[in-house]
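Predicted model, so just to flag it, every value in this text is computed and none were measured. Numbers here simply count residues along the sequence, with the first being 1.
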Amino acid sequence: MARAARSRTPHPNSPRNPPHRLLFTWLHGVPALPAAVRRAYRSRRTAPAAPVLGPSRSLAHPASATLPGAAPRRPLRSALGLISVAVLGAWLGLVLIGGVHAPVGPMDTSMALRPSLTGGTRIDVPPLGDLELSSHYAPVSLDVDVDRLDPVRSRALVDHPERFAGLQDEVTHDVTRGALGLALHSAVAVASGATALSLAVHRRPRRALAAGGLALALLAASAGTAYATWNPRSVLEPKFSGLLSSAPSVVGNARNIVSEFNVYQKELARLVTNVTKLYDATSTLPVYQPDPTTIRVLHVSDIHLNPGSWRIIASLVKQYRINVIIDTGDTMDHGSAAENHFLDPVSTLGAPYVWVRGNHDSRGTQKYLTGRPHVTVLDHGRAVRVAGVRLAGVGDPQFTPDRSVVAAGEPAERTAGGRLADSLRTQRLAGTPVDIALAHNPTAVTEADGLAPLALAGHLHHREITTLPQGTRLMVEGSTGGGGLRAVQNKKPAPVEASVLYLDRTTKRLQAWDEITLGGLGLSRAEVSRHLPRENQPGAAPSPSGAPHSSGASSGPSSGASSGPAYGPLPRPARSPSGGPR
């Protein structure tokens, strides 16, 4: 009874008005609640009743009192903990339950958003390989995996080939519907993951809900970043990794990519259409149909006695229907007569072979190649017409098969380049301008700047693409022989590199090029990256008539989209071209 009476005794300072009394009760710790609830609440919220005052503090300033046992409030640490749990939970949600299954045309696919530092889109087509597109820059990437080809839908396409005409619209609709479903599913995944992880860590419902809301906000911010940086032109420059024989059909035709460009979904649909043709029920690869309006040039260099290079070149000639092969030298390693028979396959590669001497190729090597069937040797600025393209080249003035030979250096290269430039001026005055200038050393061919729209070289054993001050595009090829036998001296095998150049059959201007990179000794990975000059992208300003193109390769989401000129000189490489391998 005493306890009951004591519980009903009003607080000495409590107001008499009932509404005010209720407000007073709520502000003073809800004393009307049962004693057990009050004790549990106060054990978390309050400290011991008696404050311990310092020597300089008084009861007149209770706010300055230090309460022993009270945890200091750290809002920054608490916020960082909440953000960390939300991010980790969102990542786990995306990885564990973030994927969706969606039919795309005749294929069953899995779509998922994945945490990423660079963003982009990856389309995995087992066993052919995968396509990588720089579609956006955001903390998430879009992964599309082709699970299988539905036998019923694929058989319908094989039996009725006319349905391929409407397949693009069908795929566009399927991709759009799958993307919407993926967005909703991802929102549920990140919210669930962050909420569950926060509940397990903090064991407080309000904090768990806050983590889930923060995860949704982060996903929305990532989506906004992806939308702001969305680059539909990325489908013009895909990077294919996988079986080399599948690259032309999957990557597509250079001219068709430009002429058929409309929106991202349709280009993605075209890629899926190509994959569908590869995956048809008959399991036969379709014949690659090259665009009749382009000339396809295969650029190789620095083979260095690697016999496997001939098989690679022959395969590229067959897969891409190459019109002419250009070799910018260092085919040999020591230039001796004993090595000459290594050159015998050049007449049987399936396309005309144009060659200029490198600093590892002797005059005897050049004499052995001269006059062989389907082989054209260029030197002293000689100009010829091969496969509809006007070519002129000069051999390397230096012969340095070993380190005991004192090199003549850049002056000798520039002198040889001067002879090439004189020949190009003569051809221009005669009304037969040269389309491509050739030399082994980039230092020599830079003397042709402004006299030909395109210049090819090698020597450096890695790719460099530069636009020279007068507008000539200089393309330096890597080693098609993977550095030759010297590659075994390195810790990591040097890659095998070659490029396919697409030239307009009428103007002979560069339309696009594919950079082909194969794994070196002991490796079998193949990568094909598509590149377009800025002036050849949709909406770009046309080049002035009669002037060489002077743009570099487009890259990044904003390439070709600026309001300034569509092309312009690029900075020259800081490293001297003559500083590469000898």
Side-chain angles (χ1 to χ4, degrees), residues 83-105 107-148 171-172 174-198 200 211-235 237-242 250-251 264-265 267-269 271-272 275 525 527 529 555-557:
I83 294 174
S84 301
V85 170
V87 171
L88 181 58
W91 177 78
L92 291 175
L94 284 179
V95 171
L96 296 178
I97 59 173
V100 297
H101 296 280
V104 178
M107 295 178 295
D108 293 330
T109 67
S110 297
M111 298 183 181
L113 293 179
R114 293 288 182 254
S116 172
L117 296 178
T118 58
T121 300
R122 183 187 63 85
I123 305 173
D124 187 25
V125 190
L128 305 179
D130 58 78
L131 284 168
E132 297 179 13
L133 309 174
S134 298
S135 56
H136 63 278
Y137 290 92
V140 291
S141 63
L142 173 62
D143 288 4
V144 181
D145 296 333
V146 177
D147 296 330
R148 72 184 187 107
V171 169
T172 300
D174 292 343
V175 170
T176 303
R177 183 176 58 184
L180 291 176
L182 176 61
L184 295 176
H185 195 85
S186 299
V188 175
V190 298
S192 302
T195 301
L197 183 61
S198 180
L214 180 58
L216 286 176
L218 292 176
L219 180 63
S222 300
T225 304
Y227 179 79
T229 60
W230 189 250
N231 177 29
R233 290 182 175 86
S234 63
V235 295
E237 300 180 286
K239 179 181 179 181
F240 173 78
S241 301
V250 177
V251 174
Y264 179 81
Q265 289 89 342
E267 284 300 319
L268 183 59
L271 294 175
V272 174
V275 173
R525 191 69 171 170
E527 294 183 357
S529 300
S555 62

I need the minimum non-hydrogen distance between [X] and [Y], along with the two atoms involved.
X	Y	result
Gly120	Ser135	C-OG, 3.5 Å
Tyr137	Thr118	CD2-O, 3.5 Å
Ala86	Ala215	O-CB, 4.2 Å
Leu182	Gly98	CD1-O, 3.5 Å
Met111	Ala179	SD-N, 4.2 Å
Ala189	Ile97	CB-CG1, 3.7 Å

Nearest 0.5 Å, please: how far is [atom2] in [Y] from [atom1] in [X]?
X	Y	atom1	atom2	result
Leu113	Trp91	CG	CH2	15.0 Å
Ser198	Leu88	OG	CG	11.0 Å
Arg114	Leu142	CZ	CG	10.5 Å

Do the side chains of [Y] and [X] get nearer than 4.5 Å, heavy atoms only?
X	Y	value
Pro103	Asp108	yes
Ser186	Leu94	yes
Leu218	Val190	no

Notebook entry, point to check: Where do His136 and Thr225 land on the side chain to side chain contact (heavy atoms under 4.5 Å, CB included) test, with the steps shown first?
Noted result: CA-CA 8 Å; His136 63 278; Thr225 304; over 6 Å; no
Item checked: Candidate list Thr195, Leu214, Leu197, test side-chain contact (heavy atoms from CB on, under 4.5 Å), partner Val85, passing option -> Leu197
Next item on the list: Assess whether side chain to side chain contact (heavy atoms under 4.5 Å, CB included) is satisfied between Asp143 and Asp124, documenting all intermediate values.
Entry: CA-CA 8 Å; Asp143 288 4; Asp124 187 25; over 6 Å; no
